[in-house]
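Input: a single structure, listed below in structure tokens.
Residue numbers start from 1 in every chain, and the chains themselves are labelled A, B, ... in the order their sequence lines are given, proteins ahead of strands. Please read all numbers here as calculations on a predicted model, not as lab measurements.
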Protein chains: 4
Amino acid sequence: MGKAERTKQFIIEKTATLFNTKGIAATSLLDMTEATGLTKGSIYGNFKNKDEVALEVFRYNLKKVTGLVSEEMARESTFRGKILCYPRIYTLFDDPRFPVGGCVILNTAVEVDDTHPLMCEEVSKAINSWKNTLVFLINEGIQAGEFSTENNAEDLALQIIATIEGAVMLTKVSGKIAYMQSLMKTVENLINSF
Amino acid sequence: MGKAERTKQFIIEKTATLFNTKGIAATSLLDMTEATGLTKGSIYGNFKNKDEVALEVFRYNLKKVTGLVSEEMARESTFRGKILCYPRIYTLFDDPRFPVGGCVILNTAVEVDDTHPLMCEEVSKAINSWKNTLVFLINEGIQAGEFSTENNAEDLALQIIATIEGAVMLTKVSGKIAYMQSLMKTVENLINSF
Amino acid sequence: MGKAERTKQFIIEKTATLFNTKGIAATSLLDMTEATGLTKGSIYGNFKNKDEVALEVFRYNLKKVTGLVSEEMARESTFRGKILCYPRIYTLFDDPRFPVGGCVILNTAVEVDDTHPLMCEEVSKAINSWKNTLVFLINEGIQAGEFSTENNAEDLALQIIATIEGAVMLTKVSGKIAYMQSLMKTVENLINSF
Amino acid sequence: MGKAERTKQFIIEKTATLFNTKGIAATSLLDMTEATGLTKGSIYGNFKNKDEVALEVFRYNLKKVTGLVSEEMARESTFRGKILCYPRIYTLFDDPRFPVGGCVILNTAVEVDDTHPLMCEEVSKAINSWKNTLVFLINEGIQAGEFSTENNAEDLALQIIATIEGAVMLTKVSGKIAYMQSLMKTVENLINSF
DNA sequence: AATGAATGAGCATTCATTCAT
DNA sequence: GATGAATGAATGCTCATTCAT
């Protein structure tokens, strides 16, 4: 990794929390220089503009979550066990290994859906990938005889994702972790009923 | 309604879409003057500041949804029928009677949770009220013998709300109405299984 | 005094402190409506504009001081006694009978000298009148044999006025009443040496 | 002196007259950009806000006067000669070497005394320093046998300062330079009588 | 005579971005 | 590759003033 690449990475990491808490529009270049200790010129030397940083930060924050999920899944041998990683991990969504500021997908989706088509597409892809992972795991579980053949993988995947995202929103805005616990228990029960 | 009250209402109605699509921070006073045809001075003659407009717009947009729900519920005689109004209405969330820009609670919650404590509290109250309505309807349904006594009203209410909110986010960002339909069908099934 | 005249007087009295502490430019119409409890419309119904209020307030505040001086002088039978009223009164310049905010002439002079020719002229007249009073009293005192014939009335009048005005400024900005006391003692000694 | 420091200095010098004639509140950012030829952004890149410029301008204008005094004093060998510099210099207070707009201390003191505690403190310090200089010179003059031991340095210093400040006010507002000449002659006589 | 509501120019300040060095 | 300095448009907000009622 060359110097340029290292600086880019440095900027991304140092501003990751900023973008995920304040949002893209409300994060100013001044916020970014303060968070990094770098100058505006330096940031513009490494990125085309603020939106490009925001995009890369989104990818970075997203990878942080998907990486966490992958790690946990690797330890599980059954498909049910693998899927159960999601409710387990999101129960601890203010764990230090989680991006500060809540779910990156939710935050970004809500900010950009009516205004930033490009970024919207990026979030859409992330969701699609998440859904595909779940669909794959459910179908594999069916084929492996772990789950009933009557399950509709697509619908179940959407249900898991929607409940998790709704749970994050409810928990963050109310400050009641009990909401997250109740809802993740519900998701868990759903998965155990496959 | 005096002139002042009418102008206030006019400003709220004309900027309601603006705030619910762009968000509070990204909606500028210029946007607001263009949407209303009024001057900045006129807006500040009727509201203390932009945040006050945003707050009243939130309440206005919220009432639009709750009003729609109330109307529909009034036509239903059973508790199950009343609760089923939610998935039915949200399936048509881009109906003209719905605030443009998606779910007000979701949009506002995500923008303000880490930054605007006062507005956050307002959203929190709205969610609590929604949840209380559902808990009440479920418990009444149980007492009326409509639903099994084994239902946990609180958990079910959360599940309905979380799924709806997650569904709105997924549908808006992906543009796939099918997501909303699949998820509202799931909520419907849940309610029918009470 | 008709209703209009009474309202005018009311506005002047209620804003007198405002103008003499904040200055003309820094006193806003909002300040004025808050101080009077009247509306902007009402103020504009009684005065052509803010500057006209400021002018009348200047005259009102000025009269407050000159009135105080006249009262005190009336009690004195000698010319020396009359002139000594000035240092005596200014020693108590934060007396409630004195306009709050310090010397009206000083405050207004410094604000308007480079910018408001009309108001400047008004202040200039006030100073001239003050000086003429002093010159008259000194000359009368000379003619009455109270003071030495070697006194130059004009120069002494200026000296008294300048010292008083300088004293007000020094005392207000430093907060040290001792400055006023020392300087008024000096003026007193000067008058006693006539 | 780096570029930033040079620009700062440039802004201070170009706006010095502005602040000393119109006052702080009445000097707008537009006035400042027109006086400097720079943009608002450039001014804010070099100063935290308008008040910071005003503060530095006050110090600059003050130094202009104290510098002038120091130069003149350096040429005098006696303490009396040194003190006499004050009335001599202020007689020429519209000399080009003098800040345009009159006495910085007077102008600033009157504007800020009731409203800007921080700036008020700054003016207070300037006055204290001026008084201390005079007290020092008088006491040294006494010790050197130049002046009578009966002089009260503190009182005399105050008298000189108050008369000068009062003189500036009277002269500026009336436009009569004769006032300044008469009053500075009085101060001169006072000093010669030490 | 007074009010409530509006105007539009003006305010101080911050923004994302550029570019010579 | 990075910096410091600048830009100019945009920000939220306040101003003195007007005028129909």
- Query: Hey, is the side chain of B:Thr7 poking within less than 4.0 Å of OP1 or OP2 on E:dA5, counting only N and O atoms?
  - Reply: no
- Message: Side chains of C:Ile105 and C:Val123, heavy atoms from C-beta outward: is any pair under 4.5 Å?
- Response: yes
- Item | Single hit among C:Thr17, C:Asn107, C:Asp31 for side chain to side chain donor-acceptor pair (under 3.5 Å) with C:Lys22 | C:Asp31
- Task: In whole angstrom, give the distance that lies between atom CD of D:Glu34 and atom C1' of F:dG8.
- Result: 15 Å
- Message: Just the rounded figure in Å: distance from P of F:dT11 to CE of B:Met32.
- Response: 12 Å
- Item | 4.5 Å side-chain heavy-atom contact, D:Asn46 and D:Ile11 | yes
- Note on the structure: Here the distance between atom C1' of F:dG1 and atom CD of A:Glu5, to the nearest Å, is 14 Å
- Would you say C:Asn61 and C:Val57 make side-chain contact, with heavy atoms under 4.5 Å? yes
- Item | Footprint string (nucleotides 14-21 of chain E, 5' to 3'): B base within contact, S backbone only, - free, heavy atoms under 4.0 Å | BSBBB---
- Distance, rounded to the nearest Å, where D:Phe47 contributes CZ and F:dA5 contributes P: 12 Å
- Note on the structure: Bend of the helix from E:dA2-F:dT21 to E:dT21-F:dA2 from end-axis comparison, five pairs per end, nearest 10°, comes to 10°
- The nucleotide from F:dA2, E:dA5, E:dT3 with an atom nearest the side chain of C:Thr39 is E:dT3
- Is any side-chain heavy atom of D:Ile43 less than 4.5 Å from a side-chain heavy atom of D:Lys50? no
- Message: Would you say that B:Met119 contacts B:Asp51 through its side chain, given a criterion of any heavy-atom pair below 4.5 Å between the two side chains?
- Response: no
- Item | Spacing of C:Ile43 atom CD1 relative to E:dT3 atom P, expressed in whole Å | 10 Å
- Query: Rounded to the nearest 0.5 Å, how far apart are CG of A:Leu38 and CG of A:Leu29?
  - Reply: 11.5 Å
- Message: Using side-chain heavy atoms (C-beta onward) and a distance below 4.5 Å, is D:Leu62 in contact with D:Thr108?
- Response: no
- Nearest-angstrom distance from the residue atom CD1 of D:Ile11 to C1' of F:dA5: 11 Å
- Query: Does the side chain of D:Ile12 come within less than 4.5 Å of D:Arg59's, by heavy atoms?
  - Reply: no
- Distance test, side-chain N/O of A:Asn46 to OP1/OP2 of F:dG1, below 4.0 Å: no
- With the side chain counted from C-beta on, respond yes when A:Val110 and B:Glu111 share a heavy-atom pair under 4.5 Å apart, and no when they do not. no
- Kindly determine whether C:Gln9 and C:Glu13 satisfy side chain to side chain donor-acceptor pair (under 3.5 Å), including the steps that lead there. CA-CA 6 Å; C:Gln9 196 53 30; C:Glu13 286 171 22; 3.3 Å; yes
- Sub-4.0 Å heavy-atom contacts from residues 107-114 of chain B onto DNA chain F, ordered by number: none
